[in-house]
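Computed from a prediction, not measured in an experiment: that's the story for all the values here. Letters A, B, ... mirror the listed sequences (proteins, then strands); counts begin at 1.
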Amino acid sequence: MDFSWKVFFSTIIMMLITFSIGGYILITTLFQTVYLREINSAKEENKIIQYSFVTTLSAITESENIITEDSVAEISSTVAKNISGENTQIRICNQKYDSIFESNKMEYDKEFLKKISVDTRGYTVLQDTNSYYIQTVCCLNVSGQIYYLESFRDITSIFKEREVQYTVYKKLLLALIFVNGFISYLISLWLTYPIKKLSRFTHKISNGSLHNRVKINSSDEIGRLALDFNQMADSLEHKINELEDITHRQEDFIGSFAHELKTPLTSIIGYADIIRSQKLSPEMTVMSANYIFNEGNRLGVLSLRLLEMIVMQNQVLELKRVSMRQLLSEVKGLAYPIVRKKDITLEISVEDAVLYLESDLIKTVLMNLIDNAKKAIDEKGKIIIRGKKEANGYSIYIIDNGKGIPREKLSRITEAFYMVDKSRAREQGGAGLGLAICTEIMKRHQGKMEFDSTEGEGTSVHLYFKNDEI
Amino acid sequence: MLKILIVEDEKPISNLIHISLANAGYHSECVYDGLSAANKIETTNYDLILLDIMLPKIDGYELMEYIKPIGIPVIFLTAKASVADRVKGLKLGADDYLVKPFEIIELLARVQSVLRRYHKTETRIILEDLDIDTQSRVVKKNGVVLNLTKKEYELLLLFIQNKNIALFRDTIYEKIWENDYMGDSRTVDLHVQRMRKKIGWEDKISAVYKIGYRLDL
């Protein structure tokens with residue numbers, strides 16, 4: 001059931017209960033007040049009757065001495081004429097409960113009289129089909145004679161009034177309930193509209209369209225919920241994109257890895273197959289064996305590089321204070337044999353600083369970058385390494401004047417197994433993992449590695465280490 | 001002579017296929033990237049293309065789209081072994097799919113089967129003193145019909161398709177009996193010896209020590 005309907009029905013039930021009870025209490029209280037007033041009036045009336053009856057009777061007793069029932073009746077009729085109105089009737093009975101006088105002919109029960117003792121007064125309410133009466137009785141002892149003075153007050157009208165009040169109230173209640181139910185339904189529709197909207201969007205998001213966002217312009221709880229919800233969707237989308245990215249990268253890595261592994265294997269197995277199953281000329285045998293040798297080496301390089309990468313990913317960094325001047329001079333020593341072969345000048349200028357580093361790993365990065373620079377240079381090139389203090393860190397630039405990297409390929413060069421020029425990389429014994437390893441090392445040091453390159457002019461690599469302790 | 005184009009950027013592999021095809025009697029040409037492959041296909045009429053998927057400039061899938069309307073049969077060569085990749089290749093219209101690393105005999109068998117499907121192989125093989133009709137499976141020597149069993153006929157064809165290549169006993173067993181070789185060489189030896197005796201090629205099909213047999217021509 002919809003929330004709006006729940007609100008509608010609960011409002012109706014709540015109103016029905018409270019208004020019914022309230023109305024009942026109100027009408028009953030009103031009725032009770034009128035009823036009590038009527039009883040008081042009945043008593044007063046009875047007193048007046050008693051008074052005038054006793055006064056008249058005493059006067060007669062003084063003059064005549066003997067009181068007959070006829071004279072009592074006569075007195076009664078006089079009294080009754082004076083007192084009784086439309087609503088009140090009088091009956092007077094003797095000791096034996098026989099009627100001496102009745103203002104109207106009446107058949108009211110006389111049982112009640114027996115409960116009344118001398119000189120007291122009592123009342124009861126009588127119901128006679130559709131009419132209600134208050135029967136007030138007063139028992140008198142006048143000169144040894146017992147008289148019962150009864151007055152009957154008709155109170156049917158107040159009962160009728162109560163009935164009318166009930167019916168009117170019922171109708172009013174029904175009308176009120178439906179009007180209010182309808183209004184509360186509309187209000188709850190209005191209140192739940194944002195919730196429904198939110199639910200619709202949640203549904204969309206759970207169905208996979210993560211870019212959906214809710215627009216709810218209110219500052220209440222629901223507005224805040226929508227805001228939180230959007231934030232949740234944002235972070236969810238972010239996380240999922242990240243995961244997808246990771247999966248993609250892993251798939252790419254596995255795909256490239258399989259390719260890099262299977263390509264040399266195909267040659268090795270193929271040429272070995274030729275050697276073992278065919279009669280080959282000596283030249284062909286040497287060529288085949290040479291292919292096997294080279295491709296075997298390639299597999300060797302690949303497995304070493306991979307191992308390096310895996311070890312590095314799992315290694316705990318042991319950061320030590322390292323003097324950059326010393327580190328770079330060590331690198332110069334290591335790089336010298338590499339650059340000498342190609343007649344390349346290596347120029348190093350360092351501003352000294354002390355950084356917290358794993359120096360072996362940073363040497364690996366620098367050696368990889370120098371090796372790349374060397375590979376980019378055909379003949380007589382120059383590699384410049386510059387160490388520079390920065391405001392909150394330290395920068396190392398490795399600049400070469402080699403062939404450069406095409407702009408469109410620059411963004412991909414740090415991907416594992418990516419090679420700008422595959423055949424050239426092969427000839428130089430690359431596995432396509434160098435920069436991937438460097439990236440990983442820099443990441444572990446919370447550093448940055450940026451490339452800037454112009455085709456035909458050279459490449460500049462910027463390594464940046466954040467260090468607050470310089 | 002049948003002409004095959006090898007599109008493979010890894011020179012060692014390309015060369016390997018080239019040598020193997022040449023030994024089996026095919027003429028083949030090598031190109032090392034997608035673009036030059038497209039150029040070659042434009043100018044020359046090939047019977048079959050062996051196509052690597054990861055190629056510089058234009059990749060194998062893109063090239064396939066280009067080749068398909070021309071109607072040249074294609075066998076994909078690739079390191080991608082996943083089912084999804086195979087399905088993608090075959091859906092694009094490749095005739096077969098060869099996963100690296102592969103054995104030479106596997107390559108030749110696939111080439112043979114695709115060419116046969118396109119009716120590009122000769123249905124009549126005339127070799128030395130033999131005249132073989134591959135459709136009616138009749139082998140004649142100097143005009144006389146030889147009575148070969150089914151296995152002997154298949155053995156003979158296997159040797160002819162792999163001329164000058166030593167066939168290992170396990171390879172022969174797996175190809176002809178289509179079962180995994182359990183190390184029993186008696187069956188292979190018996191059939192090869194009976195077959196070469198029937199056709200009188202005792203001198204041509206010779207045993208190779210510790211390996212198997214080779215047809216030398």
Let me know if [X] has heavy atoms under 4.5 Å from chain A in its side chain, its backbone, both or neither.
X	value
B/N15	both
B/I17	neither
B/V208	neither
B/F168	side chain
B/I211	side chain

Is any side-chain N of the basic residue among B/R110 and B/D95 closer than 4.0 Å to the acidic one's carboxylate O?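 Looking at B/R110 and B/D95, the cut-off is not met.
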
Looking only at heavy atoms and a cut-off of under 4.5 Å, which of B/L77, B/L16, B/L167, B/N162 has the most pairs with chain A?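 The answer is B/L16.
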
Step through the shown structure and confirm whether more than 12 heavy atoms of other residues, nucleotides or ligands are within 6.0 Å of NZ on B/K198.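 Atom NZ in B/K198 is packed in, count exceeds 12.
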
Side-chain (A/D273) to main-chain (B/E103) donor-acceptor, under 3.5 angstrom: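 No, A/D273 side chain to B/E103 backbone: no donor-acceptor pair under 3.5 Å.
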
Does any donor atom in the side chain of A/E450 or A/Y464 lie under 3.5 Å from an acceptor atom in the other side chain?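 No donor-acceptor contact under 3.5 Å links the two side chains.
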
If I measure from the heavy atoms of chain B, does A/L265 come under 4.5 Å with its side chain, its backbone, both, or neither?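 For A/L265, the contact with chain B is made by backbone and side chain together.
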
For a quick test of your reading: what N or O donor-acceptor pairs under 3.5 Å do the side chains of residues 1-9 of chain B make, sequence neighbours left out?
| unit_1 | atom_1 | unit_2 | atom_2 | d |
| --- | --- | --- | --- | --- |
| B/E8 | OE1 | B/K100 | NZ | 3.0 |
| B/E8 | OE2 | B/E10 | N | 3.0 |
| B/D9 | OD2 | A/K422 | NZ | 3.0 |

Ring-plane angle category for A/F257 and A/F253, please: parallel below 30°, perpendicular beyond 60°, tilted otherwise.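 Geometry flag for A/F253 against A/F257: parallel rings.
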
Test side chain to side chain contact (heavy atoms under 4.5 Å, CB included) on B/L156 and B/W201 and set out the steps. CA-CA 10 Å; B/L156 175 61; B/W201 276 13; 4.2 Å; yes

Student check: side-chain heavy atoms of B/T171 and B/L158 closer than 4.5 Å: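 No, too far: nothing below the 4.5 Å cut-off.
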
In Å and rounded to the nearest 0.5 Å, what is the CG to OG1 distance from B/D52 to A/T263?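 Interatomic distance, B/D52 CG to A/T263 OG1, rounded to 0.5 Å: 7.5 Å.
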
For chain B, which residues of residues 284-297 of chain A have heavy atoms nearer than 4.5 angstrom: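 Residues in range: A/M284, A/M287, A/Y291, A/E295.
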
